[in-house]
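In what follows, a structure is listed as structure tokens, so that the remarks can point back to it.
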Amino acid sequence: MELWDDAPSTTVLGGVAIALGIVAVILLLLWLVARSRLTTARRDRTAAERDRLEAELALGEVAGRLRIMRELHDVAAASVSALAAQAESVKYSTADPDATRRGLEQLAPAAQSALADLRRASSLARDGEADARAVAEPALSTLDELFDLMRESGLRVEVDQTGTPFELRDGAELAVYRVLQRGLDNALRHGGDGTTARVALRWSDNGLQVLIDDDGTRAAARRDGLDPDRAAQQRPYSQEDDLAALTRVASGRGLTEMRERTENFGGVFTTHEVPGVGFSVSAIFPALAHHNGIHGVKLGGE
């Protein structure tokens with residue numbers, strides 16, 4: 001009789017276990033769905049933040065171009081006025097051939113200077129046509145926001161800043177910001193999730209050096225389940241490989257943009273691969289505290 005009494009108890013326990021298993025599976029599915037939705041929402045929010053940041057940068061660029069164009073036009077107008085005055089003086093100096101010759105010799109450089117200023121203004125206008133959309137202008141004071149946004153996107157960002165920062169002109173500040181943004185974007189795009197980007201800002205008395213070093217190659221090996229150190233040792237690097245990595249001219253829209261922005265403020269932009277590790281970007285602005293962003297041409301009032 002005792003054997004018959006244990007059977008219903010075993011059946012009940014088995015049914016409870018099955019029910020608990022079903023509940024656990026349902027809860028697990030609900031948790032997975034909730035996590036997936038949370039991940040999707042986080043990605044959407046990050047994408048929206050990046051779009052907002054891109055819009056702010058675009059407006060900053062347009063505003064900077066307009067300011068420079070206005071200053072260049074003022075300089076060009078002053079040059080044309082001086083040119084007209086010199087031409088007028090030449091007209092009344094016909095009695096003195098030497099004075100006429102000196103006046104004519106001064107006309108050509110003045111005309112060339114005015115023409116150069118007008119061409120720079122026209123170039124800025126053409127460059128700004130594609131960026132005529134945006135919201136507000138970001139600054140280096142908002143770099144933490146950029147770094148946090150890149151971390152949310154999957155990039156590990158480490159920052160090291162040395163020296164004493166100094167105030168930058170709006171155009172120069174925007175150029176440095178853009179170099180950092182594009183450099184981090186490229187590190188994430190080519191290195192993928194889990195890539196570490198080490199950002200260094202080296203301030204001197206008059207200049208700034210921006211360095212971005214990533215370990216995209218090592219990150220790719222980690223994602224594939226490989227030991228990054230062993231993966232780098234599978235094919236030993238020769239001196240030719242190192243030389244090729246250092247001298248190869250990297251191309252692409254992002255790198256071209258960073259190079260142009262750096263050179264526009266008197267800087268030097270270089271990139272190179274680090275064999276077995278990743279990619280390195282360097283933007284050196286030796287005279288950023290004084291540079292006006294028009295290839296060394298002084299603007300009105302300077």
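On a predicted model such as this, the values are computed, not experimentally measured, just so you know. Below, each value reflects all heavy atoms present in this structure, side chains not excepted, and no hydrogens, waters or symmetry copies.
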Handout entry: Check: Trp31 and Leu29 side chains under 4.5 Å, non-hydrogen atoms
Key =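 A side-chain contact under 4.5 Å is absent here.
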
Handout entry: Min side-chain heavy-atom separation Val277-Thr217 under 4.5 Å
Key =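 Not in contact.
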
Problem - Thr262 vs Arg259, side-chain contact (heavy atoms from CB on, under 4.5 Å): CA-CA, chis, key distance, verdict - result: CA-CA 5 Å; Thr262 303; Arg259 179 176 291 105; 5.8 Å; no

Problem - Electrostatic pair Arg222-Asp193, nearest N-O below 4.0 angstrom - result: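 Answer for the salt bridge query: no.
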
Interatomic distance, [X] atom [atom1] to [Y] atom [atom2] [nearest 0.5 angstrom]:
X: Gln181; Y: Glu257; atom1: CD; atom2: CD; result: 8.0 Å
X: Ile212; Y: Ser280; atom1: CD1; atom2: OG; result: 9.0 Å
X: Leu288; Y: Gln209; atom1: CG; atom2: CD; result: 12.5 Å
X: Glu263; Y: Phe269; atom1: CD; atom2: CZ; result: 9.0 Å
X: Leu155; Y: Leu184; atom1: CG; atom2: CG; result: 6.0 Å
X: Asp215; Y: Phe279; atom1: CG; atom2: CZ; result: 14.0 Å

Practice task
Using atom types as modelled and distance alone, determine if a side-chain donor or acceptor of Asp224 lies under 3.5 Å from a backbone N or O of Leu226.
Solution key: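 No: the side chain of Asp224 does not pair with the backbone of Leu226.
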
Handout entry: Whether Arg178 side chain and Arg261 backbone form a donor-acceptor pair below 3.5 Å
Key =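 Not at all, since once roles are kept as given, no pair shorter than 3.5 Å links the two residues.
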
Heavy-atom closest pair, residues [X] and [Y]:
X: Ala187; Y: Ala197; result: CB-CB, 4.4 Å
X: Met150; Y: Asp185; result: CE-OD1, 3.5 Å
X: Gly154; Y: Leu188; result: C-CD1, 4.0 Å
X: Leu180; Y: Leu143; result: CD1-CD2, 3.6 Å

Exercise for the section: Evaluate side-chain contact (heavy atoms from CB on, under 4.5 Å) for Leu32 paired with Leu28, printing each intermediate quantity in order. Expected result: CA-CA 6 Å; Leu32 290 174; Leu28 177 60; 4.2 Å; yes

What about [X] and [Y], same hydrophobic cluster or not, with Ile/Leu/Val/Met/Phe/Trp/Tyr joined at side-chain heavy-atom distances under 4.5 Å?
X: Ile284; Y: Met258; result: no
X: Phe265; Y: Leu255; result: yes
X: Phe147; Y: Val210; result: yes
X: Leu208; Y: Val159; result: yes

Practice task
Say whether Asp214 and Thr195, considering side chains only, have a donor N or O and an acceptor N or O under 3.5 Å apart.
Solution key: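 Distance-only check fails for Asp214 and Thr195.
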
Handout entry: Test log, rule side-chain contact (heavy atoms from CB on, under 4.5 Å), inputs Leu168 and Leu140
Key = CA-CA 9 Å; Leu168 299 177; Leu140 294 186; 3.7 Å; yes

Handout entry: Contacts of Ser204 that satisfy side-chain contact (heavy atoms from CB on, under 4.5 Å) - sequence neighbours left out
Key =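 If we apply the side-chain contact (heavy atoms from CB on, under 4.5 Å) test to Ser204, skipping adjacent residues, there are no hits.
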
Problem - From CA spacing to verdict: side-chain contact (heavy atoms from CB on, under 4.5 Å), Asp160, Arg202 - result: CA-CA 8 Å; Asp160 178 33; Arg202 311 295 188 203; 2.7 Å; yes

